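Read through the structure below, which is laid out as C-alpha cells, and then see the notes.
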Amino acid sequence: MLTVQNLFCERDDRVLFNRLGFSVAPGEIIQIEGQNGSGKTTLMRILSGLSRHYEGDIFWRGEPVEQVRDDFCRDLLYFGHQAGVKAVLTPQENLRWYAALSPAINAADIDHALEQVGLRGFEDVPCHSLSAGQNRRVSLARLYLSKAPLWILDEPFTAIDKKGVAAKEALLLRHAQRGGSVILTTHHELGIRGPVRKINLDQCAGTST
Amino acid sequence: MLTVQNLFCERDDRVLFNRLGFSVAPGEIIQIEGQNGSGKTTLMRILSGLSRHYEGDIFWRGEPVEQVRDDFCRDLLYFGHQAGVKAVLTPQENLRWYAALSPAINAADIDHALEQVGLRGFEDVPCHSLSAGQNRRVSLARLYLSKAPLWILDEPFTAIDKKGVAAKEALLLRHAQRGGSVILTTHHELGIRGPVRKINLDQCAGTST
Amino acid sequence: MPRWFYQLASPRWCYQITGKLLPGFAVAALLLLAGGSIWALMFAPADYQQGNSFRIIYLHVPSAILAQSAYMLMAVAGAIGLIWKMKVADMVLKSAAPIGASMAVLALATGAIWGKPTWGSWWVWDARLTSMLILFFLYLGVMALNSAIENESTAAQASAVLSLVGVVNIPIIKYSVEWWNTLHQPATFKLTEKPAMPAEMWVPLLVMVIGFYCLFAVSLMMRLRNEIIWRERRTGWVRELLIKQ
Amino acid sequence: MQTNSEDLQRQSLSGLFWATCRREYLLSFRRKSDLVNPLIFFLMVATLFPLGVSPEPGFLAQLAPGVVWVAALLSTLLSMDALFRSDYEDGSLEQLLLSPQPLFLVVLAKVLAHWSVTGLALTVMAPLLGLMLFLPAEGMPGLMLSLLLGTPTLSLVGAIGAALTVGLRKGGVLISLLVLPLYIPVLIFGSSAVQAAVTGLPLGGYLALLGALLALALGLAPLAISAALRISMSS
Amino acid sequence: MQTNSEDLQRQSLSGLFWATCRREYLLSFRRKSDLVNPLIFFLMVATLFPLGVSPEPGFLAQLAPGVVWVAALLSTLLSMDALFRSDYEDGSLEQLLLSPQPLFLVVLAKVLAHWSVTGLALTVMAPLLGLMLFLPAEGMPGLMLSLLLGTPTLSLVGAIGAALTVGLRKGGVLISLLVLPLYIPVLIFGSSAVQAAVTGLPLGGYLALLGALLALALGLAPLAISAALRISMSS
Amino acid sequence: MSFNSFSEFMAMGGHGLYVWLSYGLGLAVILINVILPRLQRNRLLAEQKRRLRREEGVR
Ligand code: HEM
Ligand SMILES: Nc1ncnc2c1ncn2[C@@H]1O[C@H](COP(=O)(O)OP(=O)(O)OP(=O)(O)O)[C@@H](O)[C@H]1O
Ligand SMILES: Nc1ncnc2c1ncn2[C@@H]1O[C@H](COP(=O)(O)OP(=O)(O)OP(=O)(O)O)[C@@H](O)[C@H]1O
Ligand SMILES: [Mg+2]
Ligand SMILES: [Mg+2]
C-alpha cells in the first residue's frame, strides 16, 4: 500500500536516515526500531504527511502521496506522541469529535470502544482527572473505532499497563489479519507472533551514543 | 528511612488506597505496581510532599515528614511524569540550574552526567530539538548528579530505549547498594535482580477494568 | 512561463547571476547616491518657505518610496513562493524585510526631524505619517515571525502568508487612515502636494530615488546570496564554492 | 447514486461544522472563566480610564467611543492566542490536519464559536461601558451595530495570527505584533461610526465599510488560516 | 565551625539567586521575541489611542499621562501570565518546590529578572510614547520616575496573581481579574505624579507613595507568591 | 552652489542640526544595509568552511 523510496532527512546538520526505502503490504505490521533520537518520530511524521522536511518519494497505492492527499488521509489513522485528548472534555465527548472528523467512524460505537479500553465507568469524568495511562487509553479507543486500513502509531504503549498492552497487541494483530497495515514504533518487545517486520533506523545513519 | 502508615486517599469519590502502610529501608528498591489509574502517581506525589490530599501518617527518619520538610527535601530526588526540562535551554544549561537548586550537587559533574546518559554531542543543542527520549534523558542525568539518599521516580523509563533502560537499572541497583533507597513506578518488567520489593496498589482498593 | 522564470527557481543560477550583477549595481548606487547628495546639499536651491531644511526631502522621499516598494516586492515574492514553491522567492522575501524596515525607519526619522522646524513638532497624527508607522509595524511583524520560527522554510512560508495578508490590508489601511484624519480635523499641516518644483529641485530627487533603488538591489542581492549559501550548504556546488575560496 | 453520495457528503460536512461548534462551546462552558474573562477584561480597561485619565464626565464622553473600541479590540486580541494553542499542545491539531475533511470548515466553525463567546458578548455588554464612560444615549445603537459588524472581522483576522504563531513556544505577545496593524481599519471605522452616531451624522457609510471588511475577511481568512496552520505544523 | 557553615550556606543562597537570574535572562534572550514584545505592545497601545480617539495634539496631551500608565500596566499584566506557566508545564516548578532552598529567594530572582526585561525597558521607552502623545517636555522626568518606582510593584503584585492561577488550565485572563484591582493604587499615584509634573506641581509626595507601595510589595509579595505557588501545586 | 562659505554650508540657514542629523542618519542606514550583509557573509563562509573541514576530517 505505502511505498517509500530513497527517503532522506536531516535535522540540525545530522543525517537521520538516507536512502531509506521500504514498502508496506496489506496485512503487515512494521516496527520501526532505533535508539532515542534515531529519527523514529520524525519518520512517522513524514509518512503521515505532517512534516515536509524530507527528500525522496512516498507513494500511496502507487501514486505520489502529495497528489492523493485526500484519499490518503481518509485511509490513515495517526497516533502521535501527544494523545490528542482535551483535558476538560470527557472521554465520550472527545471521541465524539473524532467521529465527526472522520466520516467513516460510526458514532454509535463509542461506548463500546471505551469499554474495550477499560474506561467503563469513566465515560463521564473529565480527562484531566484521569491518570496518564487512562488518558492514553482514551486516544487508543480510536483504534477500536477506526475503519482506516493504514495505522501509523508512535509509541502507542507509553504509560499503558501490561494487561492493556496485551490487549492492544491482539488488536493490532487482528487489524493485520483483516488486511490492514500497521507501522509502529515502540521501545517495548512486541509480543505479537506473526507478520511483524522490523526496520532499524540505527543502521540507516547511526547516532553516536 | 521512610515509613508510611495507614495511608488513605480518595479521588472523585473513588478510594484509591486505604490502610496502605509500608516502610522503606536503606538499600531497598520498591516498585509500586498497579493498573492504569490505580493511584501510583497520586501516591508518589503524596510521598514527595507535592500533594496533601491524603489521610494517614508519613515519617521521615522517624519524624513526621511535615515537621522535617527541609531535611526531607534535602534528601529527596523526585522525578515526575514531566521531565522538568526547559525547551529553549540546552541540556547543560538545564542541569546547571538544577545544580544551583540542590546545594549537594557538584556543578562540575554535569558534563560527565550528560555523557553517562548518552547525550554527548548534544550538550549545546536546545532541548526542543531533541527527541522525546533524549529529553527524558536530560532529566535522568540528575540521577547521576544527585547525592540524595531517597529517590522517588514516577515512570522513569518512559520513552527510553532498551540500552538506556538497562543502564538506568544498573544505576538504581548501584544506588541501592550504596545504601540509598528507591521508590519507583513502571509498567515495565524490571530486570534488576536484587533487593526489589513490589507493592501492588490494585490490592489496596481495586479499580474495575 | 518564460525560461528565466524557471532558471530563477534554481538557487545556483540565481547565485551566479546576482554575482555578475552586484558590482554594476554597487557602482551605480555609489555614484548616484554620492552625486545626488552633493547636488542636494550644495547645489539645489533652498525652498522659499522652508529654507534649507527642505534638503531633507532628498532622503525622506526616496526612503518612503522604497519602504513601500520593498513591501510590494515581499508580497509578490511571498505569493510566488507559496504558489510555485520556489525557494528563491522565499529567500527574497526574507532578505527584503530588514531592508524595507530600515527604509521605513529612515523615512520616519527624517520625517520627524523635518517636522520639527516646519511644524514645530516631531510628530503629528497625519494620515501619511500614520500609515508609514503602520507599515513599519507590518515589517516588524514579518521580521519577528521570521526570527521566531526556527525552521527556515517554515519561517519563509509563514512570513509569506503574513505579508500577503498585509498587502491585502495596506490599501485598506491607507484609505481608512486618510479618511479618518480628514474627518476628525481639517489637516492642520498638509504634506505639500506634489509641489510644482523647479527642475533643479526634482532632478536631484530623481537621482536619489534611483540611487536608493540601486542600493536596495545591492543590499537585497547580498542578503540573498548569504541566504542561498546557507540554505544550499549541503549541495555540491556550494561545497565547491567554499573549497575554491 | 452520484447525487446521493454528494448529499451524504454535504450532510457530513454540516455535521462536522456543528460538531466543531458544539465542542468549542462545551470547552468554553466547561471552564466558565474562559467565558467571562474577556468580558471582565473589557470592563476593567474601561474602568482604568476614569482612574488614570480624569473622572470628568464631559471629557470621558469625548473619549468613550475610542476607549470602548480599543478595549474591545484588545480584549479580542488577548483571547485570540488560546484559539489553537490548546489544540496544538494536546495533539488535537495534528489530528485535525490529518482528517480528510476540509480544514477551512473546521476553522470557520472554531472562529465562529469563538466570536460568539467573545465578540458577541462584548457587543451585548458595550452599552454598560458606554454608560460608565458617559457616552450619550444617541451613540448606543451605533456602538452596538459597529461592534456587531466589526468584532467578527477582528476574530477572523486574529485567527490568522494565532495560526501563524501556534507552533512557537510562546506566541502570546507576538500575535499582537502581527495582528494589531491589521486591526487598525476596523478600529477607525468602528470608532468613527460611534462618533458619527453621537453627533447625529449618518453612520450608514461606516457600517457598510465594516460590512465590506467583514465580507472580505470571511472570504479570505479561512483559507489563510488553514494555510497558516499547515505551515506552522509542518516544521 | 558554626559560622563557617553559615557562610557556606549564605554563599550558596546568593549563588542560587544569581543562577536563577541568569537562567531567566538566558530564557528571554534565547527567544528574542519575548524581550521586545511587551515593548512593542506598549508602543501599539499608545498608537491605538490617537487612532481611536482623536489625533488632535492638545487633546492627546491631556490624555497622555493616563494612557502611558494604562499601557504600561496592561503590558506588564499580559507578560505576567508567562512567569510561572512554562515552569509549570514542563515540570520545573515541581522541582523548584521540592528543592531544599528557600522558595521566596528563587521567586524574587525570577520577578526581578522579569521586571528588568519588561518594567525597566518600558520605563526607558516611555519618553518615546510621551512624544507620540504630545506629552509636554516637563512631564517626562515625572513619567520616567513614576514608572521606575511603579513598575516593580506591578511585577511583584502580578506575580502573586500568576502564582495563584498557574495550576489552572488557562489563567491568561483570570489573572487580570485578580490583579487589576490591586494595580489601581499604582495607576492612580503614577498618573497623578505625571500630571503633577506636567502642571509644575511638586511630585515628591506621589513618588514617596509609590516608593512606599514598592517597599510593601517587596517585603510581602515574595512570601505571598511562594505560598500561592505551594497551594496551586498541591491539588 | 547655494552656499558662499563652508560655515554657511554647515549652518544650513539655521537648520543645520536637522539637515545634518537627517543626512547622518541616512548615511548610517545606507552603511548598515551594506555592511551587515557583508559581515554576515564573512561569518557564514568561515563557519561553513570550518564545518567542511570538520566533516572532511571526520571522514
Ligand atoms: C515622521 C514624519 C513623516 C513621515 C512618516 C512621512 C512620510 C511620507 C511618505 C510615506 C511620503 C510618500 C512618498 C511617496 O510615495 O511619494 C512622503 C512624501 C513627502 N513628504 Fe513626508 N513624511 C513625514 C514628514 C514630512 C515632513 C515634516 C515634511 C515637510 C514638511 C514632509 C514632506 C514630504 C514631501 C514634500 C513629500 C513628497 C510628496 C510627494 O512626492 O507626493 N514629510 N512622506
Ligand atoms: N486531578 C485529579 N482530580 C481528580 N481525580 C484524579 C486526579 N488525578 C487523578 N485522579 C484519579 O486518580 C486515579 C489515580 O490516578 P494516578 O494518576 O495516580 O494513576 P496512576 O496509577 O499513576 O496511573 P498510570 O499508570 O496511568 O500513570 C485515577 O483513576 C484518576 O481518576
Ligand atoms: N524540531 C526539531 N528541530 C531540529 N532537530 C530535531 C527536532 N526534533 C527532533 N530533532 C532531532 O532529530 C532527531 C530525531 O528525533 P526523533 O524525535 O525523530 O527521535 P526518535 O527516534 O523518535 O526518538 P525517541 O525514541 O526518543 O522518541 C533527534 O536527535 C533530534 O536531535
Ligand atoms: Mg519519538
Ligand atoms: Mg501515573
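Please read all numbers here as calculations on a predicted model, not as lab measurements.
- Proximity to chain B involves both the backbone and the side chain of Leu96(E), based on heavy atoms less than 4.5 angstrom apart.
- A salt bridge links Glu93(B) and Arg30(E); the closest N-O separation between the charged side-chain nitrogens and carboxylate oxygens is under 4.0 Å.
- Counting non-hydrogen atoms of other residues, nucleotides and ligands closer than 6.0 Å to CZ of Phe22(B) gives a total above 12.
- For the atom pair NE2 of His128(B) and CG of Asp90(E), the computed distance is 13.0 Å after rounding to the nearest 0.5 Å.
- With a 4.5 angstrom heavy-atom cutoff, Tyr98(B) touches chain E only via side-chain atoms.
- Between Leu26(E) and Lys86(B), every side-chain heavy-atom pair lies at or beyond the 4.5 Å cut-off.
- The contact between Thr90(B) and chain E is made by backbone and side chain atoms together, counting heavy-atom distances below 4.5 Å.
- Using a 4.5 Å cut-off between non-hydrogen atoms, the part of residues 51-61 of chain B that approaches chain E consists of Ser51(B), Arg52(B), His53(B).
- One finds the SG atom of Cys73(B) at 10.5 Å from the CD atom of Gln101(E) (value rounded to the nearest 0.5 Å).
- Remark: Asp154(B) engages no residue in a salt bridge (charged side-chain N to carboxylate O under 4.0 Å, His left out) (not counting sequence neighbours).
- For the options Val85(B), Asp70(B), Asn135(B), Asn94(B), heavy-atom pairs under 4.5 Å to chain E are most numerous at Val85(B).
- The structure places CG of Leu98(E) at 9.0 Å from CZ of Arg45(B), a figure rounded to the nearest 0.5 Å.
- With respect to chain B, the highest number of heavy-atom pairs below 4.5 Å among Ser86(E), Ala19(E), Ser234(E) belongs to Ser234(E).
- Proximity to chain E involves both the backbone and the side chain of Leu89(B), based on heavy atoms less than 4.5 angstrom apart.
- Formation of a donor-acceptor pair under 3.5 Å by the Gln95(E) side chain with backbone atoms of Leu101(B) is not found in this model.
- Residues Arg96(B) and Arg23(E) have side chains not in contact (no heavy-atom distance under 4.5 Å, counting atoms from C-beta outward).
- Between chain E and the options Trp97(B), Phe79(B), Tyr78(B), Phe72(B), heavy-atom pairs under 4.5 Å are most frequent for Trp97(B).
- Contact annotation for Arg69(B): neither backbone nor side-chain heavy atoms come within less than 4.5 Å of a heavy atom of chain E.
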